[in-house]
Each structure stands twice: as structure tokens, then as C-alpha cells.
Enquirer: 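Take a look at the following structure, please.
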Amino acid sequence: MGVTGRRVAGAGTRLVQRVSTTRAFARVAPYALPMVDRAVHRLSGGRTLMSGWLLPSLMLTTTGARSGLLRRTPLVCVPEPGGTWLLIGSNFGRAGHPAWSANLIAHPRACVNWQGEEIEVGARLLAGAERQAAWSEALRWWPPYATYQSRVTREIRLFRLARR
């Protein structure tokens, strides 16, 4: 799969999609997956994330909304033509927005590590028709996002990151 190529949904991918929509996964994954991703990222010298073996992923560095401290978060993303990325604040279908999304709202200047390259970015929270188009694209990449949205009353935040 290229940077903007389509994934091929094989049997393994379908199994992971099914597992990722379970409530048990939503309880465990927010703690276990970032820990493993950070370790793999560190051990690979910043070149890879474990989640990147299945879906495009990046390491996001934001400034904490309340603390002002740098926060590093591994995230699945949707790479777009032209070198932008969509970030989906699904929080695995849990009730609250993920902390990184509040950080981007408070401090939209951030940095991503994309395939081993550190890139300064600006983040923009999407709304209206632009959000709807981005949501449709996110669902094409990872259909379980629809299940996550069905579990919560909040609207899942979508951000577009662009190089600055």
C-alpha cells in the first residue's frame, strides 16, 4: 500500500476490524496499544509504529491543553493526496474525546513523525460538509469508526493536519 493507496481487506484485516469493535477492546486498547506503539517507535529509531503494520499511523507531538507540556501520541491516520493527514478522535468508541484532540484545539501547531520524518504541522478541526466528506473517507479506510460513533452521543472530532 502506498501513502495514499487503498488497503486490501483480507481475512486478517476483517478479523481485526471485528475485534476492534468489541467493548472489551475499547476498555483495553487505549492503554495497551499506545504503550506498545511507543516502544516499537523508540526501538525502531522513530521509523515505525506497530499499528502501522495494519493501518497508516503517525506519532503526534502536541502541547498539552492544560499542562503546556509536550505530549506524544501514536495515532492511526488517513493520509491524503497532497501530503495532508486526517486524524479521527474516536477514542475507541469511549464516551470522552481523546486528550490529544483537546490539545490540538488549544494548540493547533504540532509535529508528526511520519515514516521516520519529523514534520511540523498545523491542525484544523473540521466541520460541516468538509467534515462529512472526511468522515466518509475515514469510514472507507476503517469501517469500525461507524461502530465507535454509534456508541457515543458526542460527534467524533476530525482534524486535518497540513505541513507548515
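This structure is a prediction, so every number in the text was calculated from the model and none was measured.
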Enquirer: Locate the shortest heavy-atom distance separating C77 from L87; write the atom from each residue and the value.
Expert: CB-CD2, 3.7 Å
Enquirer: With a 3.5 Å distance limit and no angle check, can you tell me whether Q149 reaches the backbone of R154 through a side-chain donor-acceptor pair?
Expert: yes
Enquirer: Are the ring centres of Y148 and W142 closer than 6.0 Å?
Expert: no
Enquirer: State, yes or no, whether a side-chain contact exists between L33 and M50 at a heavy-atom distance under 4.5 Å.
Expert: yes
Enquirer: Please say whether more than 12 non-hydrogen atoms of neighbouring residues, nucleotides or ligands are located less than 6.0 Å from CZ in R109.
Expert: no
Enquirer: Does R72 offer a backbone N or O that forms a donor-acceptor pair with the side chain of R38 under 3.5 Å?
Expert: yes
Enquirer: Do R124 and E130 make a side-chain contact, defined as non-hydrogen atoms from C-beta onward lying under 4.5 Å apart?
Expert: yes
Enquirer: Atom CZ of F159 and atom CG of L104: how far apart are they, to the nearest 0.5 Å?
Expert: 5.0 Å
Enquirer: Are the side chain of N91 and the backbone N or O of G96 linked by a donor-acceptor pair below 3.5 Å?
Expert: yes
Enquirer: Please identify which of these residues, T84, L139, L86, meets the side-chain contact (heavy atoms from CB on, under 4.5 Å) condition with V78.
Expert: L86
Enquirer: With a 4.5 Å heavy-atom cut-off, do L70 and T63 have their side chains touching?
Expert: yes
Enquirer: Assess whether side chain to side chain contact (heavy atoms under 4.5 Å, CB included) is satisfied between N113 and L49, documenting all intermediate values.
Expert: CA-CA 10 Å; N113 182 292; L49 294 162; over 6 Å; no
Enquirer: Could you check whether any side-chain heavy atom of V152 comes within less than 4.5 Å of a side-chain heavy atom of H97, counting everything from C-beta outward?
Expert: no
Enquirer: Mind checking whether R157 and I105 have side chains closer than 4.5 Å, heavy atoms only?
Expert: yes
Enquirer: Decide yes or no on side chain to side chain contact (heavy atoms under 4.5 Å, CB included) for T147 and R18, but give the supporting numbers first.
Expert: CA-CA 10 Å; T147 301; R18 240 186 341 268; over 6 Å; no
Enquirer: Specify the closest pair of heavy atoms between A138 and Y145, including all atoms of both residues, with the distance to one decimal.
Expert: O-CD1, 3.6 Å
Enquirer: Could you tell me the separation between the CD1 atom of I119 and the CG atom of L58, rounded to the nearest 0.5 Å?
Expert: 9.0 Å
Enquirer: Going hydrophobic residue to hydrophobic residue with side-chain gaps under 4.5 angstrom, can you get from M35 over to L75?
Expert: no
Enquirer: Any idea which heavy atoms bring S57 and G52 closest together, and the distance?
Expert: OG-N, 3.3 Å
Enquirer: Could you report the tightest heavy-atom contact between R160 and A134, atom names first, then the distance?
Expert: NH2-CB, 4.3 Å
Enquirer: Could you tell me whether R163 and E117 make a salt bridge, using a distance below 4.0 angstrom between a side-chain N and a carboxylate O?
Expert: yes
Enquirer: Could you report the tightest heavy-atom contact between W100 and G89, atom names first, then the distance?
Expert: CZ2-CA, 3.5 Å
Enquirer: Between W114 and W85, how do the two ring planes meet: parallel, tilted or perpendicular, split at 30° and 60°?
Expert: perpendicular
Enquirer: L55 and M59: same hydrophobic cluster, using ILVMFWY side-chain contacts below 4.5 Å?
Expert: no
Enquirer: With the side chain counted from C-beta on, respond yes when E137 and E80 share a heavy-atom pair under 4.5 Å apart, and no when they do not.
Expert: no
Enquirer: Would you check if T48 and V40 make a side-chain contact, meaning some heavy-atom pair closer than 4.5 Å?
Expert: yes
Enquirer: Can you tell me if R94 uses its side chain to pair, donor with acceptor, with the backbone of R27 under 3.5 Å?
Expert: no
Enquirer: Would you check if W135 and L126 make a side-chain contact, meaning some heavy-atom pair closer than 4.5 Å?
Expert: no
Enquirer: Ignoring hydrogens and geometry, is there a side-chain-to-backbone donor-acceptor pair from R164 to V121 under 3.5 Å?
Expert: yes
